[in-house]
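Note on naming: letters A, B, ... go to the chains in the order of the sequence lines (proteins, then strands), and numbering restarts at 1 for each one.
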2 protein chains.
Amino acid sequence: MRMSELSSRSGLAIATIKYYLREGLLPQGRPLAATRADYDESHLRRLRLIRALLEVGRLPIASIKQIISAVDDDSLPTHVMLGVARHALSAAVAPEPGDDWSEAEHDAERLIAAQGWRIGRRAPARAELVQTLHRLRQLELSTDLGHHAELAHRLVTEIEIPSVTPDGPRDSTVESVVLGTVLYGKAFDALRRLAREAAEAEVSLSTAPDA
Amino acid sequence: MRMSELSSRSGLAIATIKYYLREGLLPQGRPLAATRADYDESHLRRLRLIRALLEVGRLPIASIKQIISAVDDDSLPTHVMLGVARHALSAAVAPEPGDDWSEAEHDAERLIAAQGWRIGRRAPARAELVQTLHRLRQLELSTDLGHHAELAHRLVTEIEIPSVTPDGPRDSTVESVVLGTVLYGKAFDALRRLAREAAEAEVSLSTAPDA
DNA sequence: CATCGGTGGATACTAGCACTATCCAAACCG
DNA sequence: CGGTTTGGATAGTGCTAGTATCCACCGATG
């Protein structure tokens with residue numbers, strides 16, 4: 001297909017697609033002539049991947065590029081590629097040295113140990129957990145996340161992992177891991193907020209006699 | 001306390017604090033003279049609230065301002081204020097008309113009905129759920145989120161809601177709702193990613209004979 | 001065969017966001 | 001009394017994710 005068809009089918013402006021080509025997020029089409037190239041379904045799917053990570057996952061273009069480069073680099077072993085992807089999925093967290101921060105690190109350590117998880121020392125998700133615990137401390141909110149960890153563990157092991165198909169081509173492996181993390185994460189967050197809204201409506205109905 | 005103490009205790013540059021004052025995120029201090037004002041613990045706490053929403057929740061300043069304005073406006077009934085806050089917590093989602101989108105709306109409807117939630121028609125979290133379902137469809141991933149909804153429901157009703165104290169001054173009510181949504185949401189997401197990392201390590205240990 | 005609109009490729013420009021920097025005059029502190 | 005801090009106003013910065021413009025070219029149309 002031509003650029004204009006890729007544009008209309010993806011819903012993206014031609015200028016935007018050219019930008020992704022420039023940035024290396026989208027592979028070049030098969031060149032037919034100096035001013036003509038042919039794109040196929042894989043390009044369309046790639047665009048959908050980009051937009052899902054960008055709009056739903058709110059990942060910066062630079063992180064998406066890291067993920068895509070790792071996928072496209074056939075010399076990387078799969079587990080390295082997954083490491084790169086996981087790293088790109090997290091925002092960088094700057095430690096704020098101080099007592100609260102060290103306490104938060106210990107809290108995180110305890111949570112992880114209690115679940116029996118084996119986690120790389122510099123896993124980005126660990127830093128995000130520490131940051132959040134740090135803020136909870138500062139604001140004097142409960143840092144007891146044991147039940148959350150428990151439920152997260154069950155969600156992943158009982159529901160999410162069994163539905164992943166680890167075979168197939170390597171790009172679909174990363175895609176499913178990355179998209180699974182981002183999309184099901186966002187989905188769960190939306191569901192959680194809906195549950196809160198419903199629950200809070202219940203509470204105010206029961207406590208407020210009438211308006 | 002003076003500006004410089006507020007700055008050192010919060011870890012924020014004076015220029016940044018002045019910016020928040022300009023934007024109305026931080027109330028003016030009690031004026032002592034034309035070039036002197038007095039700030040107290042409430043200002044410090046407000047700064048921590050702002051930074052938690054900004055860094056952990058990644059909310060734009062404009063949304064934080066909406067939340068704070070609602071909190072500071074005593075004429076708003078509490079449930080209206082909560083509605084404003086909930087609205088500000090979500091990113092705007094533009095519908096992408098098409099078959100996939102309508103299907104996604106139905107999927108969302110079914111999920112909500114299955115949990116028995118009563119949800120406002122234009123709840124922003126609903127739109128985010130629809131958007132995510134839409135992307136899942138486009139990428140041919142499973143849109144079966146029943147178990148996720150189930151777990152989200154249990155997380156909220158069994159763990160998060162009981163720990164909220166709905167009495168007390170109105171600003172602490174909103175604060176706890178908003179911070180609860182943002183911070184525990186982020187915490188759960190980090191825990192979920194850690195659980196995935198641990199689970200995927202298990203899988204590759206068991207399937208990869210050796211390196 | 002002429003020409004007209006859709007390309008590929010390069011370069012420059014833009015909007016929005018979250019700050020930062022600079023300046024000023026007043027005021028406090030020793 | 002002199003150096004430092006402050007409140008208040010205005011202007012500028014760096015980054016991100018695109019947009020816009022220009023050009024030469026090419027391929028289908030009449």
Side-chain angles (χ1 to χ4, degrees), chain A residues 1-40 43-44 46-68 88 91-94 96, chain B residues 1-40 43-44 46-68 88 91-92 94:
Chain A
M1 76 183 84
R2 308 297 151 65
M3 177 63 91
S4 56
E5 190 179 347
L6 194 57
S7 165
S8 62
R9 285 232 268 157
S10 66
L12 298 172
I14 288 181
T16 304
I17 297 176
K18 284 186 173 184
Y19 167 61
Y20 294 158
L21 283 167
R22 272 202 307 282
E23 295 295 313
L25 299 187
L26 184 67
Q28 304 290 339
R30 190 169 54 89
L32 299 175
T35 64
R36 199 132 301 212
D38 186 56
Y39 305 92
D40 58 26
H43 293 89
L44 191 54
R46 174 61 63 89
L47 287 177
R48 293 209 244 258
L49 170 67
I50 294 169
R51 296 306 287 189
L53 296 180
L54 189 72
E55 292 182 0
V56 180
R58 314 222 102 89
L59 296 189
I61 291 288
S63 301
I64 298 176
K65 180 170 181 175
Q66 286 177 34
I67 293 173
I68 283 177
V93 170
E96 295 184 24
Chain B
M1 76 185 81
R2 308 295 149 65
M3 176 63 89
S4 56
E5 189 179 348
L6 194 57
S7 165
S8 62
R9 286 232 269 157
S10 66
L12 297 172
I14 287 182
T16 303
I17 296 176
K18 284 185 174 186
Y19 167 61
Y20 293 159
L21 283 168
R22 272 202 306 284
E23 294 295 315
L25 299 186
L26 184 68
Q28 304 290 338
R30 191 169 53 90
L32 300 175
T35 64
R36 199 129 300 213
D38 185 56
Y39 305 93
D40 58 25
H43 293 89
L44 190 55
R46 174 61 63 87
L47 286 177
R48 292 209 244 258
L49 169 67
I50 294 169
R51 297 306 288 188
L53 295 180
L54 189 72
E55 291 181 1
V56 181
R58 322 225 135 223
L59 295 189
I61 291 287
S63 301
I64 298 175
K65 181 172 178 173
Q66 286 177 36
I67 293 172
I68 284 177

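Distance B:Leu53 CG to C:dA18 P: 12 Å, rounded to the nearest Å. Spacing between atom CD of B:Glu55 and atom P of C:dA18 amounts to 12 Å, rounded to whole angstrom units. We find that CD of A:Glu23 is positioned 13 Å from P of C:dA10, with the value rounded to whole Å. Taking atom CG of residue B:Leu12 and atom P of nucleotide C:dC19, one finds them 8 Å apart after rounding to whole Å. The CD1 atom of B:Ile50 sits 13 Å away from the C1' atom of C:dC19 (whole-angstrom rounding). One can place CE of A:Met1 at 16 Å from C1' of C:dG6, the figure rounded to the nearest angstrom. With rounding to whole Å, B:Leu6 atom CG is found 14 Å from D:dG7 atom C1'. As a whole-Å value, the separation of B:Ile14 CD1 from D:dG8 P is 14 Å.
A donor N or O paired with an acceptor N or O is found under 3.5 Å between the base of C:dT20 and the side-chain atoms of B:Arg22.
Checking side-chain atoms of A:Asp38 against main-chain N and O of A:Met1 turns up a donor-acceptor pair under 3.5 Å. Without hydrogens or angle criteria, A:Lys65 side chain to A:Glu23 main chain gives a donor-acceptor distance under 3.5 Å. Under a 3.5 Å cut-off, the side chain of B:Ser7 and the backbone N or O of B:Leu12 do form a donor-acceptor pair.
Nearest-nucleotide assignment on DNA chain D puts the 5′-proximal partner with A:Thr16, out of A:Thr16 and A:Arg36.
When the side-chain nitrogen and oxygen atoms of B:Thr35 are compared with OP1 and OP2 of C:dA25, none of them lie within a distance under 4.0 Å. Residue B:Tyr20 has a polar side-chain atom (N or O) positioned under 4.0 Å from OP1 or OP2 of C:dC19. Between C:dA10 and A:Tyr19, no contact under 4.0 Å exists linking OP1 or OP2 to a side-chain N or O.
Nucleic acid contact for B:Pro60: sugar-phosphate only, since backbone atoms but no base atoms lie under 4.0 Å from a heavy atom of the residue. As judged by a 4.0 angstrom heavy-atom cut-off over every strand, B:Ala33 is placed among residues touching the sugar-phosphate backbone only. Across all strands, A:Leu21 comes closer than 4.0 Å to no nucleic acid atom at all (heavy-atom distances). At the heavy-atom level, A:Ala15 lies under 4.0 Å from base atoms of the strands shown. Among the atoms of the strands shown, only primed sugar atoms or phosphate atoms (P, OP1, OP2) are found under 4.0 Å from some heavy atom of A:Arg51.
With distances taken from any side-chain atom of A:Arg2 to the nucleotides C:dA27, C:dA18, C:dT7, the minimum falls on C:dT7. Taking every side-chain heavy atom of B:Ile61 into account, C:dC19 is the closest of D:dA17, D:dG7, C:dC19. Of the candidate nucleotides D:dG8, D:dA17, C:dT7, D:dG8 has the atom lying nearest to any side-chain atom of B:Gln28.
Once rounded to the nearest 0.5 Å, the distance linking CG of B:Leu44 with OG of B:Ser10 reads 6.5 Å.
Side-chain contact annotation: A:Tyr20 with A:Arg51, donor-acceptor N/O pair under 3.5 Å present.
Looking at heavy atoms from C-beta onward, A:Leu25 lies in side-chain contact with A:Ile61 at the 4.5 angstrom threshold.
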